[in-house]
Amino acid sequence: MKQMWKKLFTPTDMTEGTPWKKIVLFTIPMLIGNIAQQLYNTVDSIIVGRYVGDNALAAVGSASPILNLLIVLFIGISVGVSIMVAQYFGAKEREELSSTIGGCVTLTAIVAIALLIVSPFVVRPMLEMLHTPASIIDWCTSYLIIMMVGIAGMAYYNILSGVLRGLGDSVSALVYLLVATVLNIGLDLLFVAVFDMGVAGVALATVIAQFVSAVLCLWKLMHMKEIFEFRKHHLKMSREHTAQIIRLGLPSGLTQAIFSMAMIIVQSLTNSFGEMFIAANVIIMRVDGFAMMPNFSFGTAMTTYAGQNAGAKQYDRINRGAKQGTLIAMGVSATITGLILIFGKYLMGIFTETEELVDLSMRMMRILAVGYIAMGATQCLSGVMRGAGDTMTPMWISLVTTVLIRVPVAYGISWITRTPELPNGRSECVFISLLCSWVLGALITFYFYKRGKWKKKALGSMEK
């Protein structure tokens, strides 16, 4: 029993064994972890909606796109490091692995300090630029400022848990996230329900919980000496490894930045429909998080799987795993989406007692339904390309689907549906545009995956 428990928390070599079994076993802890991650946001919204009100719920939602934009650098570092860790682990290159992990710790500190200095000066102007309603702008500002003050905890958890997953250890990252989630829920109730701190209390609870999870991830990595070394000289940033992290991670960071910018542009349109629609959008995005969990989990698993096998130069094995993993992901996503469509009204009723708000949220959710299955294919095949070293193709696909498809469709539908009764057009435009971008994104991703140019990228990345 002790040996089995110990094996659960050790890295997984995905270059051998049945592909779909390795992928599923690696995905399950991440799926549970993503549920816990979503609980962060969901519990925040439930407590704010119940104890403070619908406007406070709208404030947290309006702040989210800006928060996502501000942390894109960490997403880029996390993806770049995770790919390098997976490939070096697959290639059994201990010293390169050690230098990569140590250098990313230093790079993260530099970026966190820079963001901490800059963010207080840009948060309020960005909210004003988006025409955030006066009734919620102060709450939005305080929420974002507190999140930025504690940005190091968020950054280190996401990056160090990415390192653990790159090594094939998704269980440790899960356990630390569960600890943080329980702590976050307890602090939410304490700060908001007991101390009446409102939106600021939610932000403070999240910051503290993520700092604890970051410390736990660091502790775990420092005790993995059989795989890599974590000495002082490894903290020095080498030009070669930093350039490689940027080369691999920058496209993913830019992808998230593009997505966040599109969200911000569409958020401006969303804000024009008033506080009720903003609050509905928050509820939908919380439920959306659960619907997307299988897709993101399998996508991350495919990145690790492809990375390790690219390091071992097993490209036929990558193809087999990509096919099996994508089919499973789409099946799981279809099941979860069906359950949300059947029971979604009860789930949305947790956030608010306003019946009109629940009905509006459910109507918009039905528009998105088919898109979740399409996203299963997009996330898995993009994960394969990223893991093999081709991070540029997913970036360009994201650019096309968000900038050239989603934003024009949203504003186009809004414009052509304007009437004297609906001066801003029909609010459905926000979600119809999202559905279009997801479905077309899946078709484009499949086309580029089948072309197979990502295999040449993988060979090139390892030769360098």
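Side-chain contact between P294 and I336: present, with at least one pair of heavy atoms (C-beta onward) separated by less than 4.5 Å. For the pair C217/Y157, a side-chain contact is recorded, criterion being any heavy-atom separation below 4.5 Å from C-beta on. Inter-residue side-chain proximity for L368 and I284 is flagged as met; some heavy-atom pair is nearer than 4.5 Å. Using a 4.5 Å cut-off on side-chain heavy atoms (C-beta onward), N309 and Y315 make no contact. Between I318 and W454, the closest side-chain pair of non-hydrogen atoms falls below 4.5 Å. Using a 4.5 Å heavy-atom threshold, the side chains of M364 and S427 count as touching. Side-chain contact between I405 and V400: present, with at least one pair of heavy atoms (C-beta onward) separated by less than 4.5 Å. Between E356 and M276 the shortest side-chain heavy-atom distance falls below 4.5 Å.
With Q308 contributing its side chain and M14 its backbone, the two residues share a donor-acceptor pair below 3.5 Å. With hydrogens and angles ignored, the 3.5 Å screen pairs no side-chain donor or acceptor of T354 with any backbone N or O of L357. Under the 3.5 Å distance criterion, the side-chain polar atoms of T393 are left unmatched by any main-chain donor or acceptor of D390. Remark: side-chain polar atoms of T337 are not paired, donor with acceptor, to backbone N or O of A334 under 3.5 angstrom. Of the possible donor and acceptor atoms, one in the side chain of Q324 sits under 3.5 Å from a partner among the backbone N and O of W20. Using a distance-only test at 3.5 Å, with no hydrogens or angles considered, no donor-acceptor pair links the side chain of T445 to the main chain of T378. Counting only distance, with no hydrogens or angles, the side chain of T326 and the backbone of K323 share no donor-acceptor pair below 3.5 Å. Side-chain atoms of S433 come within 3.5 Å of backbone N or O of V430 as a donor-acceptor pair. Within the 3.5 Å criterion, the main-chain N or O of T206 finds a donor-acceptor partner in the side chain of N184. Looking at E96, its side chain never comes within 3.5 Å of a backbone N or O of F89 through a donor-acceptor pair.
Legend: residues meeting side-chain contact (heavy atoms from CB on, under 4.5 Å) with L116, ordered by chain and number and at least two apart, are V149. Residues passing the side-chain hydrogen bond (donor to acceptor under 3.5 Å, both in side chains) test with T108: none are found, sequence neighbours excluded.
Closest approach of Y305 to R317, counting heavy atoms only: OH-O, 2.6 Å. Summarising the geometry of R406 relative to S437, their closest heavy-atom pair is CB-CB, 3.9 Å, with the distance given to 0.1 Å. Among all heavy-atom pairs drawn from F26 and R165, the shortest one is CZ-O, 3.3 Å. Across all their heavy atoms, C104 and V163 have their closest contact at SG-CG2, 4.3 Å. When all heavy atoms are compared, the tightest approach of N424 to S414 is O-OG, 2.6 Å. The heavy-atom pair separating G150 from V207 by the smallest distance is CA-CG1, 3.5 Å.
Between the OH atom in Y156 and the OG atom in S213 there is a gap of 13.5 Å [rounded to 0.5 Å]. Interatomic distance, I23 CD1 to I28 CD1, rounded to the nearest 0.5 Å: 12.0 Å. Of the inter-residue distances, the one linking M375 atom CE with L434 atom CG reads 8.5 Å to the nearest 0.5 angstrom. Q87 CD to S82 OG: the interatomic distance, rounded to the nearest 0.5 Å, is 10.0 Å. With values rounded to the nearest 0.5 angstrom, M154 atom CE is found 4.5 Å from I151 atom CD1. How far CE of M385 is from CE of M302: 11.0 Å, rounded to the nearest 0.5 Å.
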Q. Step by step, would you call C429 with L269 a side-chain contact (heavy atoms from CB on, under 4.5 Å)?
A. CA-CA 9 Å; C429 65; L269 180 62; 3.7 Å; yes
Q | Full working for side-chain hydrogen bond (donor to acceptor under 3.5 Å, both in side chains) between T141 and D138 | A | CA-CA 5 Å; T141 302; D138 289 336; 5.3 Å; no
Q: Start with the C-alpha distance between N319 and Y449, add both sets of side-chain angles, then the distance that settles side-chain hydrogen bond (donor to acceptor under 3.5 Å, both in side chains), and finish with yes or no.
A: CA-CA 10 Å; N319 282 325; Y449 170 78; 3.0 Å; yes
(Q) Run the side-chain contact (heavy atoms from CB on, under 4.5 Å) test on I101 and L160 for me, step by step, so that the C-alpha distance in whole Å, both residues' side-chain angles and the decisive distance to 0.1 Å come before the verdict. (A) CA-CA 9 Å; I101 295 172; L160 297 180; 5.6 Å; no
Q.
Checking K453 against F448 for the side-chain contact (heavy atoms from CB on, under 4.5 Å) test, could you report, in this order, the C-alpha distance in whole Å, the side-chain angles of both residues, the deciding distance, and whether it holds?
A. CA-CA 8 Å; K453 287 192 174 182; F448 279 100; over 6 Å; no
Q: Might you work through the side-chain contact (heavy atoms from CB on, under 4.5 Å) test for L422 and T417, ending with a clear yes or no?
A: CA-CA 8 Å; L422 298 170; T417 57; over 6 Å; no
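In the displayed structure, F211 atom CZ is contacted under 6.0 Å by at most 12 heavy atoms of other residues, nucleotides or ligands. Other residues, nucleotides and ligands contribute over 12 non-hydrogen atoms within 6.0 Å of the CZ atom of R124.
For the residue pair D169 / S172, a side-chain donor-acceptor distance below 3.5 Å is found, with atom types taken as modelled.
Of the charged side-chain nitrogens involved, at least one lies within less than 4.0 Å of a carboxylate oxygen, so that D359 and K345 count as a salt-bridged pair. A salt bridge between E428 and R366 is absent, with no side-chain N of the basic residue lying under 4.0 Å from a carboxylate O of the acidic one.
Relative orientation of the W438 and Y372 rings is tilted, given thresholds of 30° and 60° on the angle between their planes. Using a 30° and 60° split on the angle between ring planes, F273 and F277 fall in the perpendicular class, above 60°.
Shown are T391, L248, T300; of these, the side-chain contact (heavy atoms from CB on, under 4.5 Å) with R386 is made only by T391.
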